Each structure stands twice: as structure tokens, then as C-alpha cells.
Participant: 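The structure under discussion is supplied below as C-alpha cells; questions concerning it will follow.
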Amino acid sequence: MGKIVKLGKETLIYGTSTVVARFLNVALVPFYTYFLATDEYGAVATVFSFLALFNVIYQYGMDQAYLRFTSEQGQDKKQSFSTAFLAVLCTSGIFSLIIYLTATLWARALGIGAQYAFLIQICCIILFLDSLTVIPFAKLRLQHRAWQYVITRTLSIAVNAGMTVYFLKFTSHGLAGVFHANTLASLTALILLSKVIFEDLRPAFSKELFKNMLRFAWPFLPSGLASVFVQVIDKPLLTYLAGLHAVGVYQANFKVGVFMMLIASMFDAAWRPFFLQHAKEDNAKQLFANVMSYYVAVALWVFLGLTFLMPVFIQTKILGYYFIAQDYWGGLNIIPYVLGGYLFYGIYINFMVAPVLTKKTKILMFATILGAVVSITTNVLLVPRIGITGAGVAILFSYMSMALTMFIFTLKVFPIPYDYKRILLLFLAAAAIMFLKNYFNGVAASIILLIIFPIIAFAALYKKDNAF
């Protein structure tokens with residue numbers, strides 16, 4: 001029990017840096033929208049998608065391989081660290097050199113045009129620096145140095161946010177400043193981890209160990225790419241289908257919708273250790289079913305609140321400024337779709353119980369690949385017809401398909417007695433409240449409707465056996 005509690009505490013600590021990163025990403029949106037033109041912000045969003053995808057390629061699962069082989073009894077820890085680190089150092093250097101020399105081709109392939117090739121060249125540096133921190137961060141996790149991990153991550157994130165504001169507001173670097181800030185943040189993390197690196201780094205590269213590591217690591221590449229595809233493929237697709245201006249407008253409002261992602265991330269940090277801790281209890285499945293009902297109730301309430309109030313907040317001046325510049329208001333209608341997508345992502349996280357406890361985690365790769373296919377297909381079909389709204393719908397459909405896949409898997413391999421009637425009632429209540437909102441305008445009406453929903457939720461979920 002003590003070990004599981006320790007796992008729970010560490011998971012929450014690690015989750016802190018994720019929440020901070022996502023919060024600061026949202027906090028930077030006003031600066032992007034006020035200091036970058038819509039097409040410039042579109043270029044930034046598209047290149048960030050490139051960064052996310054290539055981060056997976058640069059790492060190619062070597063952090064997982066390092067954790068796996070270093071944990072083996074009798075394995076020389078310094079040798080395994082050195083082998084993994086030097087391998088990533090060499091491959092990252094080669095990748096960055098190739099991409100740097102072909103930056104114009106990559107810029108054209110992304111749809112941003114040759115004039116933005118210099119952003120790809122900056123990305124080569126960022127990717128290289130980030131790759132050198134992968135194995136040291138894995139080492140901190142392996143040695144349970146959670147606070148050092150989080151402090152390093154958080155300081156790097158803070159440098160990124162602070163320098164982004166500086167470059168955008170106080171210099172003439174423009175959109176290049178966004179990537180200069182990322183470079184400085186990556187360099188900060190590497191400097192802070194230098195002691196961790198040199199603790200174990202030796203000229204002790206083992207070819208045999210590397211082959212074994214690579215054999216273990218490579219399956220993580222397709223699953224990792226599929227997972228990132230679901231999150232970022234909409235931006236490059238939208239660049240081709242609607243242009244950089246549309247991507248900029250879309251990205252600004254997409255970031256607002258990520259508030260729901262914060263809820264899902266915080267839930268994820270607490271949920272995994274929770275269900276591992278209670279998995280062997282007699283009433284475990286009923287407990288998991290109750291958690292699903294409560295999550296849906298809370299998530300729907302947050303969804304309604306953000307859907308009703310965020311557009312009002314965005315279009316209200318605070319200290320003389322709007323949260324998002326007016327040039328970007330054309331994408332406000334995508335916010336409910338993004339919120340809905342991340343609501344279903346939280347449901348998907350609920351269903352993690354089945355593959356984790358049955359150790360049949362291959363379904364996760366299948367679910368993410370399906371989500372990526374649904375995202376691409378929906379974008380291609382809808383964006384030419386309804387513009388950036390189609391990209392928002394694609395996010396919703398993508399995460400719905402992932403949640404549905406996991407639900408079917410759960411029914412077959414690890415049935416949990418979810419309270420389908422009450423969950424359906426919650427969704428119907430939320431739909432009814434959204435319908436009523438069409439006939440009652442104003443903040444006061446929105447607040448009244450938001451008060452009504454938790455009353456309905458309590459009535460739906462309350463049981464005499466004290467299920468709450």
C-alpha cells in the first residue's frame with residue numbers, strides 16, 4: 001500500500017508541470033493575437049505541429065528503452081545511460097543537419113511557404129536540445145527524483161513564457177521570437193540537467209545493448225506518432241485546406257478550448273494511481289463505474305460553463321484589452337467542439353482501467369491510430385465546406401471515436417457496470433440546457449442555467465445507499 005501511495009504522490013507531482021505548461025500556453029494566447037497577424041500565428045501553429053511530430057521521431061522510444069534495461073538486475077546503469085544518451089546525441093545531430101539543409105522543402109511541404117524556412121532551421125536547434133534532455137529526464141523518473149524533474153520542467157516553461165512575452169512585446173523579432181524563446185527554454189533545461197548527465201555519462205557505448213534497446217524502443221514510434229497526430233494534424237491540414245489566416249484564427253480559439261484539457265490532465269494525474277490502488281478491492285468495478293458517472297457530471301458542467309461564458313469573457317475588455325484580439329473572433333464558434341472533444345478525451349482516460357489492468361495495452365495504439373484517421377478524414381470532408389468549424393468538429397469526432405473504441409474493448413475484456421441510464425440522463429440534461437440557452441441571452445440567464453445543471457446532476461446521481 002505504501003508503494004502505491006508513493007506512486008500516487010509522484011504522479012501528482014509530475015502532473016504539476018503538465019498543468020503549468022498547458023496553463024501558460026493558454027496565458028500566452030493574448031500576446032500571440034495582439035502581436036502577430038493571423039497568418040503569422042497560423043505559421044507558428046503549423047510549425048509547432050512539426051515540432052511535436054518530430055520530437056517523437058527524435059526520441060524514437062529510447063527513454064522507454066533506457067528505463068526498461070536500466071531496471072534489469074545486474075545491468076551497469078552508467079553503461080545503459082551512456083549508450084542511450086550517446087545514441088540519441090548522434091541520431092539527433094544527423095536528423096537536425098538533414099532538416100536544416102532541406103528546410104525550404106519542409107516549409108513548402110507544411111504549406112507555410114519558403115519564406116518561413118528559417119523557422120524550420122530554428123526548430124532543428126530546438127529538437128536537438130530537447131532530445132538531449134530525454135534520457136536525463138527518464139533517469140530522474142527512474143530514481144524517483146520527482147521534485148527535481150518538476151522544478152527543471154517548470155523553470156524551462158517559465159523561461160519560455162517570459163522570453164516569448166519579451167520578444168513579442170519589447171523587440172522586433174516578431175514570430176521568430178516565439179521560437180527563440182523555445183530555444184532558450186530548451187537550453188535552460190539542458191543546463192539544469194547537466195549535472196544529471198555527467199553523473200553517469202561515460203565513453204562506454206555498447207553496440208549490443210543499443211541493438212537490444214532499439215529492438216525494444218521502435219514499436220513506441222508508430223504509437224507515439226499516432227497519439228501526436230490526433231493532437232496536431234488539424235493545423236497542417238487546415239493550412240492546405242484553408243490557408244494560414246484560417247489556421248491563426250483557429251489556433252487562438254482552439255487554445256481557449258484547451259481549458260477542458262486541463263481538467264482532463266488533472267484527472268488523469270490522479271486517476272491512474274487511484275484505480276491501481278483500488279483494483280483488487282471487492283467492489284472495485286462498482287467504484288470505477290461511480291467515478292465515471294461523477295466525472296461526466298463535473299465535465300459536462302465545466303463544458304457548459306466554458307461554452308456559455310468564455311465568448312462573453314473574450315469579448316469583454318479587461319484593463320483596456322480583450323483576451324483575444326478582435327481579428328480572431330471569427331473562430332469563437334469552434335470552442336464548444338474543442339471543449340466537447342476534450343470532454344470525451346476524459347472519458348477515454350476513464351476507460352484506461354481495462355487495458356492497464358488486463359495488460360492489453362496494444363488497444364491504445366489502435367485507438368489513437370483510429371483517432372488520427374477520423375481527424376484527417378473529417379477535416380478533408382468538412383473544412384472545404386464549413387471552414388474552420390470543420391476542424392473543430394474533427395477534434396470532437398476524433399476523441400469520440402477513441403472513447404468508443406475503448407468502451408467496446410472494456411465491454412469485451414473487463415466489463416464494468418457503468419450506470420448508462422444516469423450517464424445518458426446527464427447528457428440529455430446538458431443538451432436541454434444548451435437548447436434553452438438559444439432562447440435566453442445574457443450572462444444572468446447563463447448563470448441560472450449553470451445552477452440548474454448541478455441540481456439535475458445531484459438528483460440523477462444521488463442514491464439512498466450514499467453513492468456520493
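Position 1 is the first residue of the sequence; numbering continues from there. In this text, all values refer to a predicted model and were calculated from it rather than measured experimentally.
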Participant: Has Tyr58 got more than 12 heavy atoms of other residues, nucleotides or ligands less than 6.0 Å from its OH?
Facilitator: yes
Participant: Where the side chain of Ser49 meets the backbone of Val232, is there a donor-acceptor pair that is under 3.5 Å apart?
Facilitator: yes
Participant: Is the distance between the ring centroids of Tyr418 and Phe351 under 6.0 Å?
Facilitator: yes
Participant: Looking at CZ of Phe167 and CZ of Phe35, how far apart are the two atoms once the value is rounded to the nearest 0.5 Å?
Facilitator: 14.5 Å
Participant: Centre-to-centre under 6.0 Å for Trp106 and Phe54, is that the case here?
Facilitator: yes
Participant: Where the side chain of Thr377 meets the backbone of Val374, is there a donor-acceptor pair that is under 3.5 Å apart?
Facilitator: no
Participant: For Ala325, does its backbone N or O pair with a side-chain atom of Thr33 as donor and acceptor, under 3.5 Å?
Facilitator: yes
Participant: Kindly indicate whether the side chain of Leu140, heavy atoms from C-beta on, has any atom under 4.5 Å from the side chain of Leu193.
Facilitator: yes
Participant: Does a donor on one side chain and an acceptor on the other come within less than 3.5 Å for Ser293 and Asp419?
Facilitator: no
Participant: Does a side chain donor of either Thr188 or Ser156 reach within less than 3.5 Å of an acceptor in the other side chain?
Facilitator: no
Participant: I'd like to know if the side chain of Ser96 and the backbone of Gly93 have a donor-acceptor N/O pair within less than 3.5 Å.
Facilitator: no
Participant: Please examine the side chains of Tyr295 and Ile347, heavy atoms only from C-beta on, and report whether any two atoms are closer than 4.5 Å.
Facilitator: yes
Participant: How are the rings of Phe313 and Phe323 set relative to one another: parallel (under 30°), tilted (30 to 60°) or perpendicular (over 60°)?
Facilitator: tilted
Participant: Check whether any side-chain heavy atom of Leu127 sits under 4.5 Å from a side-chain heavy atom of Phe50, and report yes or no.
Facilitator: yes
Participant: I would like to know whether Leu343 and Val302 meet side chain to side chain contact (heavy atoms under 4.5 Å, CB included); could you show each step before the answer?
Facilitator: CA-CA 9 Å; Leu343 184 153; Val302 173; over 6 Å; no
Participant: Please indicate whether Trp301 has more than 12 foreign heavy atoms, meaning atoms of other residues, nucleotides or ligands, lying under 6.0 Å from its CH2.
Facilitator: no
Participant: When rounded to the nearest 0.5 angstrom, what distance separates NZ in Lys139 from OG1 in Thr133?
Facilitator: 14.0 Å
Participant: Provide the closest heavy-atom pair for Ala242 versus Val383 in the form atom of the first, atom of the second, distance.
Facilitator: CB-CG1, 4.2 Å
Participant: For Tyr337 and Thr389: C-alpha separation, side-chain torsions, deciding distance, then whether side chain to side chain donor-acceptor pair (under 3.5 Å) applies.
Facilitator: CA-CA 8 Å; Tyr337 297 106; Thr389 303; over 6 Å; no
Participant: Is any side-chain heavy atom of Leu449 less than 4.5 Å from a side-chain heavy atom of Phe308?
Facilitator: yes
Participant: Under a 4.5 Å cut-off applied to non-hydrogen side-chain atoms, are Tyr166 and Leu184 in contact?
Facilitator: no
Participant: If you look at every heavy atom in Gly42 and Val247, which pair is closest and at what distance?
Facilitator: O-CG1, 3.6 Å
Participant: Can you check whether Ile125 reaches Leu129 side chain to side chain, under 4.5 Å on heavy atoms?
Facilitator: yes
Participant: Between CD of Gln59 and OG of Ser131, what distance do you get to the nearest 0.5 Å?
Facilitator: 8.0 Å
Participant: I need the minimum non-hydrogen distance between Pro136 and Ile197, along with the two atoms involved.
Facilitator: CG-CG1, 3.4 Å
Participant: Could you measure the distance from the CE atom of Met260 to the CD1 atom of Ile263? Nearest 0.5 Å is fine.
Facilitator: 7.0 Å
Participant: Atom OH of residue position Tyr100 - does it have more than 12 heavy atoms of other residues, nucleotides or ligands inside 6.0 Å?
Facilitator: no
Participant: Could you go through Leu225 and Leu53, starting from their C-alpha distance and side-chain angles, then the distance that decides it, and tell me whether this counts as side chain to side chain contact (heavy atoms under 4.5 Å, CB included)?
Facilitator: CA-CA 6 Å; Leu225 285 173; Leu53 286 169; 4.3 Å; yes
Participant: Less than 3.5 Å apart, any donor N or O on the side chain of Ser398 or Ser375 sitting next to an acceptor on the other?
Facilitator: no
Participant: Measure from the side-chain N and O atoms of Thr38 to the backbone N and O of Gly248, and report whether any donor-acceptor pair falls under 3.5 Å.
Facilitator: no
Participant: Side chains of Lys169 and Tyr34: closer than 4.5 Å at any heavy-atom pair?
Facilitator: no
Participant: Grab the two heavy atoms, one from Lys235 and one from Gln231, that are nearest each other, plus how far apart they are.
Facilitator: NZ-O, 3.5 Å
Participant: Once you round to the nearest 0.5 Å, how far does OH of Tyr41 lie from NZ of Lys255?
Facilitator: 6.0 Å
Participant: For the pair Tyr240 (side chain) and Ala109 (backbone), establish whether a donor and an acceptor sit closer than 3.5 Å, ignoring hydrogens and angles.
Facilitator: yes
Participant: Kindly determine whether Leu155 and Val159 satisfy side chain to side chain contact (heavy atoms under 4.5 Å, CB included), including the steps that lead there.
Facilitator: CA-CA 6 Å; Leu155 287 175; Val159 168; 5.6 Å; no
Participant: Give me the atom names and distance for the closest heavy-atom approach of Glu40 to Tyr116.
Facilitator: CG-OH, 4.0 Å
Participant: Evaluate the criterion side chain to side chain contact (heavy atoms under 4.5 Å, CB included) for residue pair Tyr32 and Thr164; output intermediate values, then yes/no.
Facilitator: CA-CA 9 Å; Tyr32 291 140; Thr164 297; 3.9 Å; yes
Participant: So with a 6.0 Å cut-off around CZ of Phe427, is the heavy-atom count from everything else above 12?
Facilitator: yes
Participant: Which value, rounded to the nearest 0.5 Å, describes the distance between His180 atom NE2 and His173 atom NE2?
Facilitator: 4.5 Å
Participant: Short question: side chain of Arg145, backbone of Arg141 - any donor-acceptor pair under 3.5 Å?
Facilitator: no
Participant: Are more than 12 heavy atoms, taken from residues, nucleotides or ligands other than Tyr328, located less than 6.0 Å from that residue's OH atom?
Facilitator: yes
Participant: I want to check something: taking the side chain as every heavy atom from C-beta on, are Ile376 and Ile233 in contact at a cut-off of under 4.5 Å?
Facilitator: yes
Participant: Just by distance, do the side chain of Asn182 and the backbone of Val178 share a donor-acceptor pair under 3.5 Å?
Facilitator: yes
Participant: Looking at Ala84 and Met62, what are the two nearest heavy atoms and their distance?
Facilitator: CA-CE, 3.9 Å
Participant: Step through it carefully: locate the ring centre of Phe48, locate the ring centre of Phe179, and say whether they are under 6.0 Å apart.
Facilitator: yes
Participant: Kindly check if the number of other-residue, nucleotide or ligand heavy atoms within 6.0 Å of OH (Tyr322) is above 12?
Facilitator: yes
Participant: Is the distance between the ring centroids of Tyr348 and Tyr399 under 6.0 Å?
Facilitator: no
